[in-house]
Amino acid sequence: MMGICLFLAACASTTPPPQAPAVSLLYVQTASSGSFEPLPGTNKYRLLLSDVSPRVIYFSDRPNRIAGQVSTAEFLDKIGFGGPLDPNAAIEIAEGTPDSDLVIAALSKPAYDAQTRTLSYEVAVLETPRKGLAVYSDRMDRSLPKNFGAVALFIDDEPCPIACTRQGQCCPGRQCIGHAGGTHCGP
């Protein structure tokens with residue numbers, strides 16, 4: 001019996017630990033009001049948000065059930081703007097008109113002022129959302145209100161690294177965890 005136990009222990013120590021499953025996170029950023037301004041010479045807009053929450057909520061879907069919050073500054077630092085795919089967002093306006101209360105856009109070039117709690121993004125309105133925001137496909141609008149009240153941005157993490165980068169970065173709200181088989185992002 002002792003020989004079997006020693007054999008199993010030896011096997012267990014040489015087997016690499018299982019890889020953590022990929023986790024897709026959705027981030028929720030809120031503000032009390034905002035506006036869209038056309039950017040001259042482009043088909044893009046400047047999304048200006050006022051009274052932005054200093055915290056961004058994140059959560060995952062099944063099977064992982066991860067939830068938490070991260071500072072707006074950390075979120076903006078780690079989400080991955082300027083890469084090959086900018087984050088997509090469903091911009092849901094609480095009291096917008098039915099033809100302009102949900103816009104799907106790619107977000108880029110954030111500018112955040114923590115003192116005044118203002119935030120701006122350059123946005124490109126999308127014809128089709130990526131898979132993480134596909135649930136909004138049947139509700140998305142093409143017209144943008146100039147000014148609006150309470151708003152929530154549901155931001156997809158698809159471009160965000162699930163595995164740690166060489167610089168030791170993970171998605172906002174996650175941290176690098178080392179193990180014998182490599183490094184992955186964890187809670």
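Just the heavy atoms: all of them, side chains too, but no hydrogens, waters or symmetry mates, feed the values below.
The nearest pair of heavy atoms linking Q29 to I155 is OE1-CD1, 3.8 Å. The two residues R117 and P54 come nearest to each other via the heavy atoms NH2-CD, 3.7 Å. The minimum heavy-atom distance linking L153 with L107 is given by the pair CD2-CD1, 4.3 Å. Taking every heavy atom of both residues into account, T30 and A152 meet most closely at CG2-CB, 4.2 Å. Minimum interatomic distance between A31 and S50 (heavy atoms only, all atoms of both residues): CB-O, 3.4 Å. A pairwise comparison of heavy atoms in S53 and T72 identifies O-OG1, 2.9 Å as the closest pair.
Following chains of ILVMFWY side-chain contacts shorter than 4.5 Å, one cannot reach L48 starting from V151, and the two form parts of different hydrophobic clusters.
For S108, the side chain to side chain donor-acceptor pair (under 3.5 Å) criterion is met by no residue, not counting sequence neighbours. Take E127 and apply the salt bridge (charged side-chain N to carboxylate O under 4.0 Å, His left out) test, not counting sequence neighbours, and it matches R142. In this view, E92 and R139 satisfy the salt bridge (charged side-chain N to carboxylate O under 4.0 Å, His left out) rule, not counting sequence neighbours. Partners of R55 under the salt bridge (charged side-chain N to carboxylate O under 4.0 Å, His left out) rule, at least two apart in sequence or in another chain, do not exist in this structure. F148 pairs by the ring pair (Phe, Tyr, Trp, His ring centres under 6.0 Å) definition with F36, not counting sequence neighbours.
The one candidate from D113, L47, V52 that meets the side-chain contact (heavy atoms from CB on, under 4.5 Å) condition with L119 is V52.
Separating the CG atom in L39 from the NZ atom in K109 is a distance of 8.5 Å, to the nearest 0.5 Å.
Side chains of Q69 and Y27: a donor-acceptor N/O pair is absent below 3.5 angstrom, by distance only. In this structure, a donor-acceptor pair under 3.5 Å is present between the side chains of T97 and D99.
Looking at heavy atoms from C-beta onward, V56 lies out of side-chain contact with V28 at the 4.5 angstrom threshold. Using a 4.5 Å heavy-atom threshold, the side chains of N88 and L126 count as touching. In this structure, the side chains of I93 and L102 stay at 4.5 Å or more apart for every pair of heavy atoms. Inter-residue side-chain proximity for Y121 and L76 is flagged as met; some heavy-atom pair is nearer than 4.5 Å.
Screening residues 35-47 for side-chain hydrogen bond (donor to acceptor under 3.5 Å, both in side chains), with sequence neighbours left out, gives K44-E122.
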task = Walk me through it: do L144 and V103 pass the test side chain to side chain contact (heavy atoms under 4.5 Å, CB included)?
result = CA-CA 7 Å; L144 303 176; V103 176; 3.3 Å; yes
task = Go through the steps to decide whether F154 and Y136 satisfy the test side chain to side chain contact (heavy atoms under 4.5 Å, CB included), and finish with yes or no.
result = CA-CA 10 Å; F154 297 91; Y136 296 105; 3.5 Å; yes
